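If you read the sequence from its start, that first residue is 1, and numbering goes on from there. The shown structure was predicted, so the numbers you read here are calculated from the model rather than taken from an experiment.
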Amino acid sequence: MEGESGSLRRYQGGCHCGAVRYEVRAPVELEVVECNCSICLKKQNHHFIVPAKQFQLLQGEESLTTYTFNTHRAQHRFCRVCGVQSFYRPRSNPDGVGVMPHCLDEQADLRVKSRLRFDGRDWEACMERRGDQLKKMSAET
């Protein structure tokens, strides 16, 4: 993953202590999901979603641990050293990766195009209403 390709840009990011590092190719202007499900609300888990092939873990697999609950489909991965979750596998997009924009290195250049409010408290009903919009985020382009 090098530089920018088409409308995608290469970002780098990771956890607070530096044990976990990754690269992600994502749009220059990010569409950030703000979910209010029980875990996202507690963690302020704002994220953008990309196809899994656009995400590459550079280091720290051994430093990651995973938390699941309820359906166990979402894979909440976080650094076992500093506790920061900088990415995860969303329940809504099992073929994608949810990346936390606040964990990217390039904060000064970060542009958020829009924020999608997702009613995770009523997950199934919200997926019926907005599922297509969410699923397109991890569709390969």
Response to the item:
Distance col, row Leu104:CG vs Gln12:CD, nearest 0.5 angstrom, shows 10.0 Å

Closest approach of [X] to [Y] (non-hydrogen atoms, all atoms of both residues):
X: Pro101; Y: Leu30; answer: CB-CD1, 4.3 Å
X: Gly13; Y: Asp105; answer: CA-OD1, 3.8 Å
X: Asn36; Y: Leu41; answer: O-CB, 4.1 Å
X: Gly96; Y: Pro90; answer: O-CD, 3.6 Å
X: Val50; Y: Ala26; answer: CG1-CB, 3.9 Å

Quick check against the 3.5 Å criterion: does [X] have a side-chain atom that pairs as donor or acceptor with the backbone of [Y]?
X: Arg89; Y: Ala74; answer: no
X: Glu31; Y: Ile49; answer: no
X: Gln54; Y: Arg25; answer: yes
X: His47; Y: Asn45; answer: yes
X: Gln75; Y: His72; answer: yes

Worksheet item: Can you name the one residue among Tyr22, Phe48, Phe78 that meets ring-ring contact (aromatic ring centres under 6.0 Å, His included) with Phe87?
Response: Tyr22

Discussion item. Parallel, tilted or perpendicular, judged at 30° and 60°: which one describes the rings of Tyr88 and His76?
Written reply: parallel

Flag side-chain contact, heavy atom, 4.5 Å: [X] against [Y]:
X: Met100; Y: Gln85; result: yes
X: Cys103; Y: Cys15; result: no
X: Val20; Y: Leu64; result: yes
X: Gln56; Y: Arg21; result: no
X: Phe69; Y: Ser38; result: yes

Worksheet item: What residues, two or more places apart in sequence or in another chain, satisfy side chain to side chain donor-acceptor pair (under 3.5 Å) together with Asp95?
Response: Ser138

Worksheet item: Taking only residues two or more places apart in sequence, or in another chain, which ones meet Glu62 in a side chain to side chain contact (heavy atoms under 4.5 Å, CB included)?
Response: none

Discussion item. Arg73: which residues meet the side chain to side chain contact (heavy atoms under 4.5 Å, CB included) condition with it, sequence neighbours left out?
Written reply: Thr71, Arg91

Worksheet item: Does a side-chain N-to-carboxylate-O contact under 4.0 Å join Glu106 and Arg10?
Response: no

Worksheet entry | Stepwise salt bridge (charged side-chain N to carboxylate O under 4.0 Å, His left out) check, Glu29 with Arg9 | CA-CA 9 Å; Glu29 292 185 327; Arg9 174 181 171 183; over 6 Å; no

Worksheet item: Are Tyr11 and Leu57 connected in a single hydrophobic cluster, I mean Ile/Leu/Val/Met/Phe/Trp/Tyr linked by side-chain heavy atoms less than 4.5 Å apart?
Response: yes

Worksheet item: Does His16 NE2 have over 12 foreign heavy atoms under 6.0 Å away?
Response: no

